[in-house]
Chemist: 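The structure is given below, and queries will be raised subsequently.
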Amino acid sequence: MHKPLSKVSQMARRGFLGLAGVAALSDSLLSRKRVVRALLAKDSLAENTGSSAGSSRGLPPLKITDVRVIVTCPDRNYVLVKILTSEPGLYGVGDATLNGRELAVAADLEQHIPPLLIGRDPEEIEDTWQYLYRGPYWRGGPIQMTALAGIDLALWDIKGKRANMPVYQLLGGRTRTGALAYTHASGGDFAEVEDVARRAMKRGFKCVRAQVAIPGLEGTYGTPGNKTPEAAAGRVANMAGLPHTEVFEPTPYLRVVPRLFEYLRAKLGPEVELLHDCHEKLDPIQAARLAHDLEPYHLFFLEDCLRPEYKESFRLIREHSTTPLAMGELFNSLWDCVPLIKEQLIDYIRCDLGHIGGITAARKVAALAELFQVRTAWHGPGDIGPPTHAANVHVDISIANFGIQEMVFFPDVTREVISGGPEFKDGYMNVSDLPGLGCDVNEEAAKKYPYRRAYLPTARRKDGSVQDW
Ligand code: CS2
Ligand code: MG
């Protein structure tokens, strides 16, 4: 039976419990303070070191005050990020467009990322990159890396504006007067490809990527659909915001493509640089055969012969051909690039800055590639926005191992919403000397063009089985 305590010991116990309570309370307060301090630490590493990037130039510490996501569809869907700061009028613009999954990236940028960024010092780009890449624990993948890329581009834009320098100057300054560019020449037949290529050459292009429709196959990547009922059905599917399915068979493709380049070399001569995108369609031995059969036509590079999951199989292509190889637009992580670069199984790394984590990631890929004499050929199609194209060129003109830059011309309706971006002249691309990336977004204009659901095409073999598009 429990002996009742004397008055004194009851008071002593109450005192002790009180003390213990206070200690616990202060302890939890302490730990809570510690938590809050840790949380606040996100404010900026700088504050903890007493030197922020700004303070060294007598500027007040800078904080991110808002992350705005703009989803718009002038000619096609784009997802843009605008990071606002505590300095009135100072903001950064980034691009986070992932074709066919735009809203998934927008949700990440609207729901999950802002609470992690607001209050941080936007000048701490590398720390923010590491925090957003490793912080979520679940890392990588096209959705997160596209969202991270959008943030990264906007932060480099802010740093350039605050330093009153174009981003390429922050990256070490110019290594070249411009970035050699290539554009697309696609056609329903050889003559049409020749015609489009000639027009591009007249426009100043020294390098042209050639893609041709394969007779008997409904829709081949990179070519205008032909006039068959299936093609019409495909266009209807698109209008309904559903993926259109093309049909692909390797045999006719492997027969026709070498003949296309034989034809183009005969018509266009030896000077023009020619490229081709296999678009991840072939099995290893088919890719080895194609690379071998294309050797006589001296391609600048043959792109994405294999699916990104099969890096090992590039060895087989190397064993059978000296055609230069490019790979990488489907890579979402720096680490995806390592084996192909380290073993020099490719000659051009073709990452998409918009899907691998932005400028911070790209300059690391470029640095690794330089060590193994692999050159860059960043992805530059029409379904990533002008800010990513600008970032491509800022990196291109500030690295030693630049190779070539894919480019497209954006229609006026897109330029109404997203201004700036790299310019093309006499075969080369360049960026302006405006501070930052040199792009801006017109939010009012963006509102005029609401998002429209759309998908990339898919592909199947004639036996109905799934094939890479
Ligand atoms: C292509 C792209 O330009 C290229 O190299 O691979 O156009 C690609 O098909 C699209 O970006 C897919 O979204
Ligand atoms: Mg490609």
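Just so it is clear, the structure is predicted and the values come from calculations on it, not from any experiment. Just follow the structure's listing: the first ligand is 1, and inside any ligand the first atom is 1.
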Chemist: Any ion pair linking Arg453 and Glu102 (charged N to carboxylate O, less than 4.0 Å)?
Modeler: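 No, this pair does not count.
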
Chemist: Could you check whether Arg174 makes a cation-pi contact with Tyr168, meaning its NZ or CZ is under 6.0 Å from the centre of the six-membered ring and within 45° of the ring axis?
Modeler: yes

Chemist: For a quick test of your reading: what N or O donor-acceptor pairs under 3.5 Å do the side chains of residues 370-378 make, sequence neighbours left out?
Modeler:
residue : atom : partner : partner atom : Å
Arg375  : NH1  : Phe402  : O            : 2.6
Trp378  : NE1  : Asp396  : OD1          : 3.1

Chemist: Could you please tell me which protein N, O or S atoms lie under 2.8 Å from the Mg ion (ligand 2)?
Modeler: Asp277 OD2, Glu303 OE2, Glu329 OE1

Chemist: Centre of Tyr137's six-membered ring, under 6.0 Å away, within 45 degrees of the axis: is that where NZ or CZ of Arg134 sits?
Modeler: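 Geometry flag: not set, cation outside 6.0 Å or 45°.
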
Chemist: Does Lys281 make a cation-pi contact with Phe248 (under 6.0 Å, within 45 degrees of the axis)?
Modeler: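 Verdict for Phe248: a cation-pi partner in Lys281.
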
Chemist: Salt bridge check: are Lys159 and Glu123 linked by an N-O gap of less than 4.0 Å?
Modeler: yes

Chemist: Collect the protein residues that have a non-hydrogen atom under 4.0 Å from ligand 1 and hand them over in chain and number order.
Modeler: Asn99, His184, Arg209, Tyr221, Asp277, His279, Glu303, Glu329, Arg350, His379, Pro381, Asp383, Glu406, Leu456, Trp469

Chemist: With sequence neighbours excluded, give me every side-chain hydrogen bond (donor to acceptor under 3.5 Å, both in side chains) pair touching residues 434-447.
Modeler: Arg68-Glu443, Lys82-Glu443, Tyr91-Asp440, Glu444-Lys447

Chemist: A cation-pi test, strictly: NZ or CZ of Arg203 under 6.0 Å from the centre of the six-membered ring of Phe409 and no more than 45 degrees from its axis. Yes or no?
Modeler: yes

Chemist: Using 30° and 60° as the class limits, which term best fits the ring planes of His279 and Tyr221: parallel, tilted or perpendicular?
Modeler: parallel

